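The model shown is predicted, which means the values in this text are computed figures rather than measured ones. The analysis underlying the following values was restricted to heavy atoms, covering all of them including side chains, and did not include hydrogens, waters or symmetry mates.
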Amino acid sequence: PPRLDSSAASDVYKRQLYNRVRYQTNKLSALRSVPLSFFGMFLAHIGVAVFVVGATFTTHYAEETDIKMNPGDSVTLGGYEFKFMGSKSVRGPNYQAEEGEIVVYQDNQPFTTLKPQKRLYLVQRSPMTEAGIDGGLMRDLFVALGEPLENGAWSVRIQYKPLIRWIWLGTIIMALGGIFAISDKRYRIRRREAAKA
């Protein structure tokens, strides 16, 4: 048989579900009689489709730049303008850090402020980079400080990742589909029958 992609398979499952209930007098009762494994397969295919869309958009439309930024400098990426306002020293419970302030503009209006840090942990004396992240269902914005340069400048990494959270969402939906499928009582009955035999 020809191989079905996830969207075609989802259409097949929708038609099968429709055919199961359309001739029944009590639609709700007919829907309840549909085995959980059927809903599990349908949900898993939706998860695959969501995962594929997320991976495709992230792979082909993500943007990234490493740039030297002085206080007041700005760069445009993914339709957003990132303006570096400078950095300052801050102290955490167990670290000392340099914290950058980057104001993000969308359509010339302030949208959010990201505060990435370059941390030095006092006990281990190990430097760590703490990225500034603005996450959302449709895209994530990442900003990370690199190394300090002269006159208050920093090397800065900026990333725009569209639909990256759809990758995780798709795997969660697939996992839920698997849980639905293995919860089907028919499989428990088969195991009991096999044990008796």
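For the salt bridge (charged side-chain N to carboxylate O under 4.0 Å, His left out) test, residues two or more places apart in sequence or in another chain that qualify with Glu64 are Arg157.
Using a cut-off of 4.0 Å between Lys/Arg side-chain N and Asp/Glu carboxylate O, Lys115 and Glu130 are scored as not salt-bridged.
Side-chain heavy atoms closer than 4.5 Å link hydrophobic residues (I, L, V, M, F, W, Y) into clusters, and following such links, possibly through other members, connects Phe84 to Phe111. The cluster map of Ile, Leu, Val, Met, Phe, Trp and Tyr, joined by side-chain heavy atoms under 4.5 Å apart, puts Phe142 and Ile102 in different clusters. Hydrophobic clustering of Ile, Leu, Val, Met, Phe, Trp and Tyr side chains at less than 4.5 Å, counting indirect connections, keeps Val75 apart from Tyr105. Linking Ile, Leu, Val, Met, Phe, Trp and Tyr whenever their side-chain heavy atoms come within less than 4.5 Å leaves Met85 and Ile67 in two separate clusters. Note on Leu137 and Ile173: same hydrophobic cluster, where clusters join Ile, Leu, Val, Met, Phe, Trp and Tyr whose side-chain heavy atoms are under 4.5 Å apart, directly or indirectly.
Nearest heavy-atom pair, Thr129 versus Leu145, reported as atom, atom and distance to 0.1 Å: CG2-O, 3.7 Å. Residue Gly152 comes nearest to Pro71 through the heavy atom pair O-CD, 3.6 Å, listed as atom of the first residue, atom of the second, then distance. Shortest non-hydrogen contact noted between Ala62 and Lys161 is CB-CD, 3.9 Å. Of all the heavy atoms in Ile164 and Thr58, the pair that sits closest is CA-OG1, 3.4 Å. Nearest heavy-atom pair, Asn70 versus Glu150, reported as atom, atom and distance to 0.1 Å: OD1-O, 4.3 Å. Looking at every heavy atom in both residues, Ala97 comes nearest to Arg119 through CB-CG, 3.7 Å.
Atoms CD1 and CZ, from Ile172 and Phe51 in turn, are 12.5 Å apart once rounded to the nearest 0.5 Å. With rounding to the nearest 0.5 angstrom, the CH2 atom of Trp166 is 5.5 Å from the CE atom of Met138. With rounding to the nearest 0.5 Å, the separation of CE in Met174 from NE2 in His45 is 11.0 Å.
Looking at heavy atoms from C-beta onward, Tyr95 lies in side-chain contact with Gln117 at the 4.5 angstrom threshold. Taking the side chain as every heavy atom from C-beta outward, Phe82 and Ser74 never approach each other to under 4.5 Å. Tyr80 is not listed as a side-chain neighbour of Ile158, based on a closest heavy-atom distance of 4.5 Å or more. Taking 4.5 Å as the limit, some side-chain heavy atom of Leu77 sits within range of a side-chain heavy atom of Thr65. Put simply, the side chain of Thr113 reaches to within 4.5 Å of the side chain of Val103, judged on heavy atoms. Side-chain contact between Val156 and Asp73 is absent, with no heavy-atom pair separated by less than 4.5 Å. Proximity of Ile133 to Leu114: side-chain heavy atoms (C-beta onward) are nowhere separated by under 4.5 Å.
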Please step through side-chain hydrogen bond (donor to acceptor under 3.5 Å, both in side chains) for the pair Ser89 and Glu98, ending with a clear verdict. CA-CA 5 Å; Ser89 296; Glu98 287 293 319; 2.4 Å; yes
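Remark: of the listed residues Glu147, Met69, Lys68, Lys118, Lys118 is the sole one forming a side chain to side chain contact (heavy atoms under 4.5 Å, CB included) with Trp154. Of the listed residues (Tyr160, Phe57, Tyr61), just one forms a side chain to side chain contact (heavy atoms under 4.5 Å, CB included) with Arg139, and that residue is Tyr160.
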